[in-house]
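Encoded as structure tokens, the structure appears first; notes follow it.
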Amino acid sequence: MNKSKKIIKEQGLAKPDKKEQKKVAKSRKNLILIIIGLLFIAGGIFVVCYTQLRPRTILTVEGPGKNGENETKTVYYTDAMYNIYSIENMYNTYGMDWDKETGDKTTSESAKDSIMDEMKEREILLMQAEKDGTVLDDNDKKEVEETVKTTMEKMPDKAKNMKGLSEDDVRKAVTDQKLAEKQKDVIIKGLNIDENKIKSGISKTDYRQYTLQYYMISKKPDSDESSDSSEGASGSAADVKSDADLKKAKADIEALRKQALTASDFSKLITDSDKDSKDDKTGAQFADHNLLEKDTDFLDEAGRKLVKSMKNDEISKVIETDDGYYFVKMINNNDPAGYDKEVENQLKTEQNTQYENYYKETLSKQYTTTVGDYWKQRVEIGHITC
């Protein structure tokens with residue numbers, strides 16, 4: 001034993017220091033704890049990133065596919081971003097209050113329901129388009145590109161930087177929307193809609209159109225004039241101009257009519273340098289108007305009777321009503337456009353009514369739609385993209 005100690009001493013090896021051993025052990029323990037902590041942090045970051053970036057299923061649609069077998073389509077949150085942007089942009093343009101309650105829902109909740117209904121219908125129509133072989137033609141694709149270009153030009157930077165709203169994403173969404181609309185037209189063409197019956201129910205007399213152009217000077221003072229003239233009069237604006245101003249207005253409209261009788265272009269008689277739709281000097285306004293036989297909201301009864309008796313290209317005398325001085329040029333005293341437009345409106349109404357009934361009672365019942373929890377619980381429309 002003594003020999004061994006001597007050898008150790010001679011080789012310069014000292015007896016281990018207990019304090020140093022404890023210090024090394026503690027350092028190793030701390031290092032292990034640090035490594036474990038870093039692994040936990042890395043795992044947490046991975047979970048957060050995966051949670052944030054993984055595709056969020058918001059809708060599945062199951063139903064008959066192209067080959068007669070059932071297919072399942074999955075719609076992700078990013079697939080809905082164009083619809084979300086569209087409705088948020090529109091509502092914000094009109095200053096909608098997202099928290100306002102109408103019935104038992106807020107504006108935000110109603111918009112959310114509307115978007116989901118659109119997504120369901122779109123996916124069902126796309127599956128039908130695949131079955132029927134409906135595709136977009138060159139004109140459809142051109143319209144898609146025009147829509148994409150306009151959308152991206154108007155889209156704020158906040159939206160452009162979001163997943164689901166890149167130019168390619170918008171193009172896909174607009175393409176799907178266009179194809180769904182085309183499939184809807186295919187369905188409508190197959191419905192039993194009697195266009196002749198619709199036409200027979202529309203009166204050609206009531207919808208006879210008198211296509212007009214006219215000039216008018218109002219009897220009512222401009223807002224700035226009324227403000228000046230109404231000071232000290234309980235704060236209310238005068239209903240009509242002063243007698244002197246009315247006399248001048250009538251003289252101005254008479255002079256303008258005289259000019260119109262020999263003008264080569266009836267629509268180019270005033271100077272509107274400030275683009276306020278009024279003549280710089282007289283305040284005279286030019287406008288087009290389509291007067292239907294059944295209308296009562298243009299001129300007064302006597303004025304309308306006079307206008308309806310006019311021949312094409314004829315210019316009326318000055319017509320005075322309670323609100324102003326007018327003279328009218330008859331462009332077409334029996335224009336079929338009024339009747340044709342009403343036929344188109346009623347036909348479109350009937351088409352939409354029958355389609356909605358078919359979609360609700362027949363088409364949608366062939367498919368099973370399931371809304372994802374993420375959409376139900378986490379998505380709040382109103383301030384996502386705008």
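Count residues from 1 along the sequence.
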Consider only side-chain N and O atoms of [X] and [Y], and report whether a donor and an acceptor are under 3.5 Å apart.
| X | Y | answer |
| --- | --- | --- |
| Glu350 | Gln354 | yes |
| Glu62 | Thr368 | no |
| Asp117 | Ser114 | no |
| Thr349 | Asn352 | no |
| Ser267 | Asp265 | yes |
| Ser110 | Asp113 | no |
| Gln209 | Thr211 | yes |
| Asp323 | Thr321 | yes |

More than 12 foreign heavy atoms under 6.0 Å from [atom1] of [X]: is that the case here?
| X | atom1 | value |
| --- | --- | --- |
| Lys158 | NZ | yes |
| Lys160 | NZ | yes |
| Asp138 | CG | no |
| Glu181 | CD | yes |
| Asp243 | CG | no |
| Glu356 | CD | yes |
| Glu361 | CD | yes |

List the steps and the verdict of side-chain hydrogen bond (donor to acceptor under 3.5 Å, both in side chains) for Asp280 and Ser273. CA-CA 7 Å; Asp280 295 343; Ser273 59; 2.7 Å; yes
Ion pair check, [X] and [Y], cut-off under 4.0 Å:
| X | Y | result |
| --- | --- | --- |
| Lys204 | Glu293 | no |
| Lys348 | Glu344 | no |
| Arg171 | Glu167 | yes |
| Lys219 | Asp322 | no |
| Lys182 | Asp185 | no |
| Lys172 | Asp176 | yes |

On the six-membered ring of Tyr325, is Lys250 placed so that its NZ or CZ lies under 6.0 angstrom from the centre and within 45° of the ring axis?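 Verdict for Tyr325: no cation-pi partner in Lys250.
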Does the side chain of [Y] come within less than 4.5 Å of [X]'s, by heavy atoms?
| X | Y | answer |
| --- | --- | --- |
| Thr134 | Leu179 | yes |
| Thr369 | Met119 | no |
| Tyr358 | Leu191 | yes |
| Ile217 | Gln285 | no |

After noting the C-alpha distance and the side-chain angles of Lys329 and Glu314, does the key distance pass the salt bridge (charged side-chain N to carboxylate O under 4.0 Å, His left out) rule? CA-CA 6 Å; Lys329 180 176 182 178; Glu314 183 180 350; over 6 Å; no
Worked verdict on Phe298 versus Tyr210 for ring-ring contact (aromatic ring centres under 6.0 Å, His included): CA-CA 12 Å; Phe298 180 68; Tyr210 301 86; over 10 Å; no
Do Tyr77 and Tyr374 pass the ring-ring contact (aromatic ring centres under 6.0 Å, His included) test, and can you show the C-alpha distance, the side-chain angles, and the key distance before you say yes or no? CA-CA 9 Å; Tyr77 180 53; Tyr374 183 78; 5.4 Å; yes
Where do [X] and [Y] come nearest, in terms of heavy atoms and distance?
| X | Y | value |
| --- | --- | --- |
| Lys278 | Asp272 | O-OD1, 3.1 Å |
| Thr385 | Met81 | CG2-CE, 3.7 Å |
| Val75 | Glu123 | CG2-CG, 3.5 Å |

Atom OH in Tyr207, atom CG in Asn345: separation rounded to 0.5 Å?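 Separation between the atoms: 8.5 Å.
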Interatomic spacing from CG in Asp137 to NZ in Lys178 - rounded to 0.5 Å: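 These two atoms lie 8.5 Å from each other.
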